[in-house]
Amino acid sequence: MTITIALPSKGRMKDEASAIFERAGMKITAVGNDRSYRGRVEGWDGVEIAFLSASEIAREIGSGAVDFGVTGEDLVREGLADADARVEFSARLGFGHADVVVAVPEVWYDVDTMADLGDVAADFRARHGRRLAIATKYWRLTQQFFSGSHGIQLYRIVESLGATEGAPASGSADIIVDITSTGSTLKANHLKILSDGVILRSEACLVRARKASHDGNAVVDRIVAAVRGAL
Ligand SMILES: Nc1ncnc2c1ncn2[C@@H]1O[C@H](COP(=O)(O)OP(=O)(O)OP(=O)(O)O)[C@@H](O)[C@H]1O
Ligand SMILES: O=P(O)(O)OC[C@H]1O[C@H](OP(=O)(O)OP(=O)(O)O)[C@H](O)[C@@H]1O
């Protein structure tokens with residue numbers, strides 16, 4: 001059985017993902033030319049590399065189309081309803097750090113916690129004639145955090161596919177849920193993170209699709225051990 005590992009083909013995680021595999025003694029070479037979307041690992045027969053984007057990798061691990069992938073925990077948890085049942089986070093790789101956070105306008109002086117935001121959401125319709133609107137591309141994580149962890153039910157998600165931090169100023173939403181790393185985009189848009197508003201501290205992970213065929217498979221165990229040994 002061939003084991004497929006999906007690695008980022010582009011974007012911010014590409015170079016560091018390849019470097020970790022190289023340190024793990026798994027040197028990757030493209031099959032065919034440099035722009036190929038398939039690769040192999042020198043000296044590892046039965047292992048194949050698929051180069052995909054970070055979000056495609058999350059999806060392909062969820063469906064079990066690939067055995068392993070390197071991608072952000074945020075993309076895996078956003079893409080899969082029951083992530084821990086479907087995949088194993090085999091190793092945290094120490095790069096690609098980003099926090100998924102709840103941020104509100106800095107001028108909401110009385111709102112510092114999720115409990116404060118719950119109070120705002122509860123009166124929002126009476127005051128403004130509509131529900132509190134949250135701009136995000138992380139709708140699953142937002143629903144789990146607001147409804148599941150904090151019992152806040154009165155809100156509306158406005159799907160945002162880019163420039164999420166601009167939504168409160170443009171009036172398309174009141175608050176946002178997005179990723180931040182240095183915090184400079186939030187600051188530039190006069191937004192502040194709620195004190196208990198960190199939904200997830202994400203980083204790049206080696207993620208394994210949970211498959212029965214992996215039980216007792218020596219190659220699967222060797223891949224995990226090699227990557228962990230390189231950290
Ligand atoms: N400052 C940042 N901005 C955006 N994503 C970041 C940042 N820092 C780390 N990440 C992480 O990088 C991953 C997304 O990587 P990247 O933006 O390279 O993907 P992508 O190639 O654009 O994917 P796709 O094109 O499929 O959306 C996410 O897991 C995210 O958490
Ligand atoms: O906290 P900071 O360091 O300011 O980073 C956060 C910003 O970076 C990302 O956008 P990016 O411009 O990378 O575009 P992308 O979302 O298309 O990857 C992300 O969507 C935030 O807007």
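All values below come from the heavy atoms of this structure, side chains included, with hydrogens, waters and symmetry mates left out. Both counts, for ligands and for their atoms, begin at 1 and track the order of listing. Please read all numbers here as calculations on a predicted model, not as lab measurements.
- The parts of S55 lying near ligand 1 are both backbone and side chain, judged by heavy-atom distances below 4.0 Å.
- Of the heavy atoms in I179, only side-chain atoms (C-beta onward) come closer than 4.0 Å to ligand 1.
- Checking side-chain atoms of R40 against main-chain N and O of E48 turns up no donor-acceptor pair under 3.5 Å.
- Under the 4.0 angstrom criterion, atom 22 (O) of ligand 2 counts as having a protein heavy-atom contact.
- Close approach of ligand 1 to H97 (heavy-atom distance below 4.0 Å) involves ligand atoms 8 (N), 9 (C).
- Interface of G72 with ligand 1, defined as ligand atoms under 4.0 Å from a residue heavy atom, comprises 29 (O).
- A distance-only check finds no donor-acceptor pair linking the side chain of H190 to the backbone of A169 [under 3.5 Å].
- Of all atoms in ligand 2, numbered sequentially from 1 with element shown, those under 4.0 Å from a heavy atom of T182 are 1 (O), 2 (P), 3 (O), 4 (O).
- Atom 7 (C) of ligand 2 has its closest protein heavy atom at T185 OG1, 3.6 Å.
- At least one N or O atom of S53, backbone or side chain, sits closer than 3.5 Å to an N or O atom of ligand 1.
- For atom 13 (C) of ligand 1, the closest non-hydrogen atom of the protein is M13 CE, 3.5 Å.
- Protein non-hydrogen atoms do not reach within 4.0 Å of atom 12 (O) of ligand 2.
- An N or O contact shorter than 3.5 Å links S181 to ligand 1 by distance.
- Scanning the protein heavy atoms around atom 21 (O) of ligand 1, the nearest turns out to be K10 NZ, 3.1 Å.
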For this session: Would you check, one step at a time, whether the test side chain to side chain contact (heavy atoms under 4.5 Å, CB included) holds for V158 with W139?
Result: CA-CA 9 Å; V158 179; W139 62 267; over 6 Å; no

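- Crowding of K187 atom NZ: a count of heavy atoms from other residues, nucleotides or ligands under 6.0 Å not exceeding 12.
- Closer than 4.0 Å to atom 2 (P) of ligand 2 lies at least one heavy atom of the protein.
- Ligand 2 is approached by R12 to a heavy-atom distance shorter than 4.0 Å.
- In this structure, atom 5 (O) of ligand 2 has a protein heavy-atom contact shorter than 4.0 Å.
- At the top of the distance list for atom 20 (O) of ligand 2, counting protein heavy atoms only, stands D178 OD2, 3.7 Å.
- With S63 contributing its side chain and E60 its backbone, the two residues share a donor-acceptor pair below 3.5 Å.
- Checked by distance only, ligand 2 and I179 stay at 3.5 Å or farther apart across all their nitrogen or oxygen atoms.
- No hydrogens or angles considered: nothing links the side chains of Y155 and T142 as a donor-acceptor pair under 3.5 Å.
- Look at R208 and D67 and you find no salt bridge, because none of the NZ, NE, NH1 or NH2 atoms lies under 4.0 Å from a carboxylate O.
- Among D74, I57, T71, the residue whose heavy atom lies closest to atom 30 (C) of ligand 1 is D74.
- When each atom of ligand 2 is checked for a heavy atom of E165 under 4.0 Å away, the hits are 21 (C), 22 (O).
- Contacts with ligand 2 closer than 4.0 Å are made by no heavy atom of T164, backbone or side chain.
- A donor-acceptor contact shorter than 3.5 Å is absent between the side chain of R130 and the backbone of R125.
- Nearest protein heavy-atom neighbour of atom 19 (O) of ligand 1: A54 CB, 3.6 Å.
- Crowding of R210 atom CZ: a count of heavy atoms from other residues, nucleotides or ligands under 6.0 Å exceeding 12.
- Annotation for ligand 1: atoms under 4.0 Å from non-hydrogen atoms of G11 are 18 (O).
- The shortest non-hydrogen separation linking E203 to L93 is OE1-N, 3.6 Å.
- More than 12 non-hydrogen atoms from other residues, nucleotides or ligands lie less than 6.0 angstrom from CG of D82.
- Scanning the protein heavy atoms around atom 16 (O) of ligand 2, the nearest turns out to be K137 NZ, 4.3 Å.
- Near A98, with a cut-off below 4.0 Å to any heavy atom, the atoms of ligand 1 are 8 (N), 9 (C), 10 (N), 31 (O).
- Without hydrogens or angle criteria, E159 side chain to T136 main chain gives no donor-acceptor distance under 3.5 Å.
- Note: H128 and F124 meet the aromatic proximity criterion, with ring centroids under 6.0 Å apart.
- The shortest non-hydrogen separation linking G69 to I57 is CA-CG2, 3.8 Å.
- The backbone N or O of R201 lies less than 3.5 Å from no partner atom in the side chain of D99, so there is not a single donor-acceptor pair.
- The shortest N or O to N or O distance between Y138 and ligand 1 is not below 3.5 Å.
- At a threshold of 4.5 Å between non-hydrogen side-chain atoms, the residues P168 and D174 do not count as touching.
- The ligand atoms of ligand 1 that sit less than 4.0 angstrom from a heavy atom of G96 are 9 (C).
- Taking atom 6 (C) of ligand 1 as the reference point, the nearest protein heavy-atom neighbour is R12 CD, 3.4 Å.
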